Amino acid sequence: QVQLVESGGGLVQAGGSLRLSCAASGRTFSAIAIGWFRQAPGKEREFVAAISRFGVSTKYADFVKGRFTISRDNAKNTAYLQMNSVKPEDTAVYYCAARAGTVTSAQQDDYGYWGQGTQVTVSS
């Protein structure tokens with residue numbers, strides 16, 4: 001079992017920055033790959049970014065490339081999503097998810113563990 005707790009969400013102005021954290025427990029952190037997803041009001045949950053177990057490989061959705069950076073600190077059992085140059089359309093609940101294995105994935109069904117989410121609101 002893996003427990004995931006997101007934090008760092010809040011209200012930010014367009015063009016600003018925010019860093020989300022995902023704290024994991026229950027399993028060796030370096031044994032799991034991490035993904036970030038988001039769900040805006042009235043929309044389906046979508047992939048944002050993913051990182052492999054040791055951070056060697058990352059994957060991003062096209063709409064965040066160059067603005068968001070995913071990272072992890074295995075010594076702290078924590079993954080991060082650095083969000084820069086945020087836009088109003090980035091407003092959503094952001095979820096971190098975990099999957100066993102090495103490969104990063106953009107597919108929600110590949111992730112067996114999910115956090116409760118953290119709200120990010122970007123004002124224009």
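Position 1 is the first residue of the sequence; numbering continues from there. Computed over heavy atoms, backbone and side chain alike; hydrogens, waters and symmetry mates excluded. From a predicted model like this one, the values you see are computed outputs, not experimental measurements.
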Rounded to the nearest 0.5 Å, how far apart are [atom1] of [X] and [atom2] of [Y]?
{"X": "Lys59", "Y": "Ile70", "atom1": "NZ", "atom2": "CD1", "result": "11.5 Å"}
{"X": "Ser30", "Y": "Arg72", "atom1": "OG", "atom2": "CZ", "result": "7.5 Å"}
{"X": "Cys96", "Y": "Tyr113", "atom1": "SG", "atom2": "OH", "result": "13.5 Å"}
{"X": "Thr58", "Y": "Ile34", "atom1": "OG1", "atom2": "CD1", "result": "14.0 Å"}
{"X": "Trp36", "Y": "Tyr111", "atom1": "CH2", "atom2": "OH", "result": "12.0 Å"}
{"X": "Lys87", "Y": "Ser124", "atom1": "NZ", "atom2": "OG", "result": "14.0 Å"}

Given side chain to side chain contact (heavy atoms under 4.5 Å, CB included), test Val2 with Phe29 step by step and report yes or no. CA-CA 9 Å; Val2 178; Phe29 190 60; over 6 Å; no

According to a 4.5 Å side-chain heavy-atom criterion applied to Ile, Leu, Val, Met, Phe, Trp and Tyr, with indirect links allowed, do Val64 and Phe47 form part of one hydrophobic cluster? no

Are the side chains of [X] and [Y] in touch, meaning some heavy atoms are under 4.5 Å apart?
{"X": "Asp90", "Y": "Arg67", "answer": "yes"}
{"X": "Gln119", "Y": "Thr91", "answer": "yes"}
{"X": "Met83", "Y": "Tyr94", "answer": "yes"}
{"X": "Tyr95", "Y": "Gln39", "answer": "yes"}

Of all the heavy-atom pairs spanning [X] and [Y], show the shortest one and how long it is.
{"X": "Gln82", "Y": "Ser17", "result": "NE2-CB, 3.9 Å"}
{"X": "Ala24", "Y": "Leu4", "result": "CB-CD2, 3.7 Å"}
{"X": "Ala100", "Y": "Arg27", "result": "CB-NH2, 3.9 Å"}
{"X": "Ile51", "Y": "Ser71", "result": "CD1-CA, 3.6 Å"}
{"X": "Thr104", "Y": "Ser57", "result": "CG2-O, 3.5 Å"}

Taking Glu6's backbone N and O only, do any of them form a donor-acceptor pair with Gln116's side chain (distance below 3.5 Å, no angle check)?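 Such a contact is absent between Gln116 side chain and Glu6 backbone.
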
